[in-house]
Every structure is written in structure tokens, then in C-alpha cells.
Amino acid sequence: MTTQRSFKARVRARMEKTGESYTTARRHLINRAAEPASTAASPPAPTEPTAAAAAAQTERIADDLIRARTGRGWDEWFAVLDAASATEWTHTRIARHLATEHEVPGWWAQTITVGYEQARGLRAPGQRRGGGFEASASRTVAVPALRLFEAFADETARARWLPDVEVRVRTATAPRIFRADWAGGPTRIVVGIDAVGESKARVNVLHEKLTGAEQAAELKAYWRDRLAALKVLFETDGDHR
């Protein structure tokens, strides 16, 4: 607890000096702590990537997008949650508070909750609250939400951009949610579809129950690549059913 308070004090001191937000100041201090003590030393041998090497939620998802979808930007939501003493809450309670008290849509309530937990040191990027790892990726595709949902839920459509992968569907609620066990388990994916107008939608993939930071980094890169392939396929082949 003493170490945590000391670190927070250093973050606030940097904020006062630089005018940065809490999130930005904290990130700079973490990066500085990770730097080698001497640049003259021999480079270290390759090691397993750490969770801190993953991009934070606030870096992956632009402030303007959060504001457009929820009515507030990152720092504003953090201030709301700080005022409610949300650092003492569970992940579920924070997300439920956002959804019920502030009418934030479910997927975005989860997104803000993860960003808040990372910013306040309750979890590292790529790590679940309380341990465990996950990977996520998102992409906006110029097709209707239902068509994007079918890209996951329909086996034939899925094979066109996600070949040679076995998934076992757990739940599929058109056009918003698709959950499945991945390649026989134990990992699984949770897919959220968010309509952006009548002919455009955003897909968010969360890959859960990963074994560690290395697998999380690999799957994050994998999903970025696969969602890029999905976007190219469905935007360029004229298949806009």
C-alpha cells in the first residue's frame, strides 16, 4: 500500500509539472522505470514479453471515439469513477455502475472499466483483474452490423477469412454478441458488434483465458491481422448482403 501511494504521489507531481493527464503521466513513469540503468551496458537477452508491453486501453481506443459512443472522454469517465471511489470496487460493479447509473451501453461499459482499471494500477494491459491474460482487437468495417455478425456466426462466411480454425459456439445473439470456445479450448473468444450507422459496424474481439503475456501478444497480433483480412474481404468483394 505504501509503495502504491508513493507511486501515485510521483504521478501527481509529474502532472503538476507537465500538465499531463493522470494516464499519460503514469505511463511515462512506468516506461522510465522499465528503461535500463545504463545505455552502455550490453543489450539483454530476449525475454518473454510482459503484460506492460501491451497497449493500454486508452492508447488502443481514441478519446474521440469513447466520447462519441458514451458522451464522455477517458479523463472525464475516470473523474466520474474516482468520485464514486470505484478503485475499491470489483470489475463487475464498475461496469454495472456505468451501465445503470450512466446508461453506457454494455460493451462500452466494459471498455471503460478496463481502461480505468489499467489507469489506476488495478491491472496491467493484457491482464485480467485479479490475474490471467487476454488479448483484444477491433476494426470498423463498411458493412451492416448483421452482415458483420454473420462473418463470425456463419461457418461458411467465417472460413473465408478465418480458415483452419475450429470454434465451438457458446452463444450467438444477432447482431451484437458471439461467444465461442477457441480451437477446442481452454481459451475462448467474445465478439461484440456495434452498429455505426446503417452500412458500417465496429467489431471488438476479446480472446480470454490465455496462459500468459507471450500468448496474449501473439493473439493480439493475430487478431489484428485477421480483422484486417475480414475488412478487405467484405469491403472489396461486393458481398454486402
Side-chain angles (χ1 to χ4, degrees), residues 49 53-70 73-74 104-115 118 125-126 133-183 187-210 213-241:
Q57 194 86 315
T58 53
E59 296 174 343
R60 292 193 314 103
I61 302 176
D63 190 77
D64 288 347
L65 179 59
I66 286 289
R67 188 183 303 280
R69 305 308 293 174
T70 69
W74 281 117
V104 179
W107 185 268
W108 290 102
Q110 292 288 339
T111 297
I112 294 168
T113 299
V114 171
Q118 291 174 354
F133 289 83
E134 60 190 20
S136 61
S138 60
R139 179 72 66 164
T140 299
V141 184
V143 295
L146 182 59
R147 184 71 186 110
L148 192 53
F149 173 82
E150 290 172 348
F152 288 85
D154 183 271
E155 185 175 355
T156 301
R158 187 171 63 243
R160 299 175 64 201
W161 64 276
L162 199 64
D164 303 322
V165 174
E166 175 191 355
V167 300
R168 184 169 66 247
V169 179
R170 297 170 65 92
T171 59
T173 306
R176 296 184 61 84
I177 297 293
F178 175 84
R179 294 184 175 91
D181 293 326
W182 181 258
T187 71
R188 65 190 184 194
I189 59 172
V190 181
V191 181
I193 310 292
D194 190 29
V196 185
E198 295 183 358
S199 58
K200 186 182 295 186
R202 186 172 182 82
V203 56
N204 297 276
V205 177
L206 180 66
H207 203 136
E208 300 179 317
K209 295 184 175 295
L210 307 184
E214 184 173 14
Q215 187 184 29
E218 291 175 351
L219 283 169
K220 188 175 188 66
Y222 172 83
W223 279 112
R224 284 177 173 173
D225 175 76
R226 288 300 82 210
L227 293 185
L230 182 154
K231 180 179 176 68
V232 170
L233 176 65
F234 286 93
E235 287 186 351
T236 61
D237 70 353
D239 186 8
H240 290 190
R241 289 178 292 163

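Source: prediction; values computed, not measured.
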Enquirer: Looking at OG of S138 and CG of L227, how far apart are the two atoms once the value is rounded to the nearest 0.5 Å?
Expert: 7.5 Å
Enquirer: Please find the pair of heavy atoms, one from A109 and one from V104, that lie closest to each other, and give the distance.
Expert: N-CG1, 3.4 Å
Enquirer: Is the shortest side-chain heavy-atom distance between V205 and R226 below 4.5 Å?
Expert: no
Enquirer: Sub-3.5 Å donor-acceptor pair from the side chain of Q215 to the main-chain atoms of L210, do we have one?
Expert: no
Enquirer: What distance do I193 atom CD1 and R147 atom CZ have between them, rounded to the nearest 0.5 Å?
Expert: 11.5 Å
Enquirer: Any donor and acceptor pair, going by atom type alone, linking the side chain of K231 with main-chain N or O of T140 inside 3.5 Å?
Expert: yes
Enquirer: To the nearest 0.5 Å, what is the distance between CD1 (I189) and CZ (R170)?
Expert: 11.0 Å
Enquirer: Taking D194's backbone N and O only, do any of them form a donor-acceptor pair with W107's side chain (distance below 3.5 Å, no angle check)?
Expert: no
Enquirer: Closest approach of G192 and I177, non-hydrogen atoms and distance?
Expert: CA-CD1, 4.2 Å
Enquirer: Any chance you could measure R224, atom CZ, to L219, atom CG, to the nearest 0.5 Å?
Expert: 12.5 Å
Enquirer: Do F152 and V169 come within less than 4.5 Å of each other through their side chains, counting heavy atoms only?
Expert: no
Enquirer: Does atom CZ (R176) have a neighbourhood of more than 12 heavy atoms from anything else shown, all under 6.0 Å?
Expert: no
Enquirer: Could you grab the distance from atom CD of E208 to atom CG of D181, nearest 0.5 Å is fine?
Expert: 10.5 Å
Enquirer: Check whether any side-chain N or O of Q57 sits under 3.5 Å from a backbone N or O of T111 as a donor-acceptor pair, and report yes or no.
Expert: yes
Enquirer: Check this for me: does any side-chain nitrogen of one of R158 and E155 sit under 4.0 Å from a carboxylate oxygen of the other?
Expert: no
Enquirer: Keeping the roles fixed (side chain from R139, backbone from V203), state whether a donor-acceptor pair exists under 3.5 Å.
Expert: no
Enquirer: More than 12 foreign heavy atoms under 6.0 Å from CZ of R168: is that the case here?
Expert: no
Enquirer: Minimum heavy-atom separation for A145 and A201, please, with both atom names.
Expert: CA-CB, 3.6 Å
Enquirer: Hey, does the side chain of W74 reach the backbone of I61 with a donor-acceptor pair shorter than 3.5 angstrom?
Expert: yes
Enquirer: Does any part of the side chain of R202, heavy atoms only, come nearer than 4.5 Å to the side chain of L65, both counted from C-beta?
Expert: yes
Enquirer: Is a side-chain donor or acceptor of K220 paired with a backbone partner of S136 at a separation under 3.5 angstrom?
Expert: yes
Enquirer: Between W182 and K209, is any pair of side-chain heavy atoms under 4.5 Å apart?
Expert: no
Enquirer: Please report the shortest heavy-atom distance between F178 and A153, naming the atom on each side.
Expert: CE1-CA, 3.7 Å
Enquirer: Closest heavy-atom contact between F133 and A216?
Expert: CB-CB, 4.3 Å
Enquirer: Report the C-alpha distance between Q118 and T58 in whole Å, list the side-chain angles of each, state the deciding distance to 0.1 Å, and finish with yes or no for side-chain contact (heavy atoms from CB on, under 4.5 Å).
Expert: CA-CA 9 Å; Q118 291 174 354; T58 53; 5.8 Å; no
Enquirer: Looking only at heavy atoms, which two atoms of A151 and W161 are closest? And how far apart?
Expert: O-NE1, 2.9 Å
